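One structure is given below, encoded as structure tokens.
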Amino acid sequence: MKNVSIIVPIFNAARFLPELFRCFSEFNFAEGDEVLLVDNGSTDNSKELCEKEAEKHGYYRVLSYTDSADSYASRNCAVRQAKGDVFAFTDSDCKPSPQWLDEARDVKEGTVMAGKVELELVENNLWENFDRQVHLGKVESDIKNNCVPTANMAVNRDDFFKVGFFEERFSGGDFDWSTRAAKSGMKVVYNPDAFMLHPSRKTFEEISTREKRTAYGSGKSFRNNNQSKNKLALRYFLKIFKIDTNIRISKKLARAGVSGKDVLYFNIKFFQIRGMQLKAALDGYNYKDARALKIK
């Protein structure tokens with residue numbers, strides 16, 4: 001039986017950790033399995049909660065990575081110390097199903113397991129519906145395009161190292177990695193039985209932070225790959241005026257039962273989000289501190 005290293009980056013996740021640990025307690029852990037919790041400079045009591053859990057269960061290991069505010073650098077830190085035959089990735093705010101570990105353990109050589117991610121709706125408001133339609137609603141289509149989120153991903157150790165470490169770009173490193181994996185000949189396999197709940201973003205502030213984080217990661221990747229800053233700026237500037245995107249999302253929101261008044265409000269705020277993305281992309285290109293920008 002293969003053993004598994006579960007890798008979870010942690011940053012100010014104290015409100016999520018008790019539920020994450022409860023989900024982990026339902027797993028069928030085998031000898032040699034481990035949970036690597038990588039604290040990325042939390043300013044709440046996340047690290048203390050992780051350490052208390054590690055005191056209770058020998059298969060937990062608490063690591064610390066503070067060189068940069070970057071979940072992918074944190075994952076790379078854990079990968080370098082992981083002992084498992086399989087690397088299984090999730091996030092601190094996710095709720096994996098009891099069978100998730102068993103499904104990850106069975107990942108075949110030469111494949112990347114992409115598990116099912118479902119949004120956990122609470123208020124069913126405008127921004128939760130936007131999150132479902134634009135972010136979580138496209139997970140399965142992303143997987144078909146060989147883009148696997150690290151919220152729910154597993155791969156054999158040897159296969160991971162054949163592809164290489166995550167690009168440390170702050171956001172989007174998972175899609176970059178899985179795209180490289182597919183190009184190397186590995187097969188992305190969707191596994192609906194490896195089920196994961198992901199919390200919804202319920203406010204404009206949460207949505208805009210997420211969008212800024214993604215744009216920041218793109219900007220950083222442009223810089224990492226010596227691409228033009230002007231090309232980056234033009235790409236995000238033109239996005240502001242892509243009315244077809246507004247129309248497409250508006251139709252989806254209307255079909256989901258969002259009122260006409262809220263759809264109109266969304267369109268006004270969406271232009272604001274696009275402007276924020278442009279600034280965040282340039283901030284990423286200039287390597288500005290993500291925590292100072294309050295997008296970490």
Side-chain angles (χ1 to χ4, degrees), residues 71 91 93-94 116-145 147 149 151 169-176 196-222 227-286 288 290-296:
S71 64
D91 294 335
D93 55 356
C94 288
K116 181 177 177 62
V117 181
E118 186 170 303
L119 194 68
E120 187 176 32
L121 292 178
V122 178
E123 300 174 15
N124 200 30
N125 64 19
L126 167 62
W127 298 113
E128 276 195 313
N129 276 286
F130 174 83
D131 200 21
R132 176 172 60 181
Q133 298 297 334
V134 175
H135 299 144
L136 270 297
K138 61 193 284 290
V139 167
E140 291 186 22
S141 62
D142 283 338
I143 290 170
K144 290 178 182 178
N145 292 317
C147 296
R169 53 180 288 178
F170 186 76
S171 180
D174 45 4
F175 287 175
D176 169 78
M196 186 85 63
L197 279 176
H198 191 289
S200 63
R201 298 169 183 89
K202 303 170 184 63
T203 67
F204 171 74
E205 289 73 23
E206 289 177 331
I207 290 292
S208 60
T209 297
R210 195 272 184 191
E211 297 290 350
K212 287 186 288 185
R213 187 164 58 241
T214 302
Y216 179 97
S218 293
K220 192 173 180 182
S221 182
F222 260 66
Q227 292 181 274
S228 166
K229 184 177 181 179
N230 290 336
K231 181 180 177 181
L232 173 72
L234 181 61
R235 173 181 292 186
Y236 276 91
F237 178 76
L238 292 176
K239 277 188 175 187
I240 298 173
F241 304 101
K242 279 184 63 64
I243 305 300
D244 60 313
T245 303
N246 293 58
I247 294 171
R248 176 173 49 82
I249 298 173
S250 294
K251 288 180 177 178
K252 287 184 176 182
L253 292 174
R255 286 196 295 268
V258 175
S259 70
K261 180 180 178 181
D262 277 347
V263 171
L264 177 60
Y265 178 70
F266 152 74
N267 278 278
I268 295 170
K269 300 300 284 186
F270 195 56
F271 283 110
Q272 184 179 348
I273 288 173
R274 290 305 202 196
M276 291 177 176
Q277 285 184 308
L278 171 58
K279 181 181 182 302
L282 295 175
D283 286 338
Y285 192 92
N286 292 326
K288 289 191 177 180
R291 288 182 183 145
L293 296 171
K294 297 183 178 179
I295 59 174
K296 172 58 179 174

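None of these values were measured; they are calculated from a predicted model.
Distance check: R274 CZ to S208 OG gives 13.0 Å after rounding to the nearest 0.5 Å. To the nearest 0.5 Å, atoms CZ (F175) and OG1 (T214) are separated by 9.0 Å. We find the CD-CG distance between Q277 and L282 to be 12.0 Å, quoted to the nearest 0.5 Å. Here CG of D174 is found 8.5 Å from CZ of R169. Values are rounded to the nearest 0.5 Å. Taking CZ of R248 as the reference point, atom OG1 of T245 lies at 5.0 Å (rounded to 0.5 Å). Here the CE-CD distance, from M196 to E120, works out to 12.5 Å after rounding to the nearest 0.5 Å.
With sequence neighbours left out, the side chain to side chain contact (heavy atoms under 4.5 Å, CB included) criterion links R213 to F170, S171, R201, T209, R210. Every side-chain hydrogen bond (donor to acceptor under 3.5 Å, both in side chains) that Y236 has, sequence neighbours left out, goes to S218. For E205, there are no salt bridge (charged side-chain N to carboxylate O under 4.0 Å, His left out) partners two or more places apart in sequence or in a different chain. With sequence neighbours left out, the side-chain hydrogen bond (donor to acceptor under 3.5 Å, both in side chains) criterion links K239 to no other residue. Applying the side chain to side chain contact (heavy atoms under 4.5 Å, CB included) criterion to D283, with sequence neighbours excluded, gives Y216, K279, K288, L293. Taking D93 as the reference, F16, D91, H198, P199 meet the side chain to side chain contact (heavy atoms under 4.5 Å, CB included) condition, with sequence neighbours excluded. Not counting sequence neighbours, K212 has no partner by the salt bridge (charged side-chain N to carboxylate O under 4.0 Å, His left out) test. The ring pair (Phe, Tyr, Trp, His ring centres under 6.0 Å) test applied to F271 returns no partner, not counting sequence neighbours. Take A256 and apply the side chain to side chain contact (heavy atoms under 4.5 Å, CB included) test, not counting sequence neighbours, and it matches N129, R132, Q133. For K242, the salt bridge (charged side-chain N to carboxylate O under 4.0 Å, His left out) partners are D244, not counting sequence neighbours. The ring pair (Phe, Tyr, Trp, His ring centres under 6.0 Å) search around F266 returns F130, F270, not counting sequence neighbours. Take F204 and apply the ring pair (Phe, Tyr, Trp, His ring centres under 6.0 Å) test, not counting sequence neighbours, and it matches W127.
Heavy-atom minimum distance, L232 versus G219: CD2-CA, 3.7 Å. When all heavy atoms are compared, the tightest approach of N267 to V263 is ND2-O, 2.8 Å.
A 4.5 Å side-chain heavy-atom check between L253 and D262 finds every atom pair outside the cut-off. Side-chain contact between I268 and Q272 is absent, with no heavy-atom pair separated by less than 4.5 Å.
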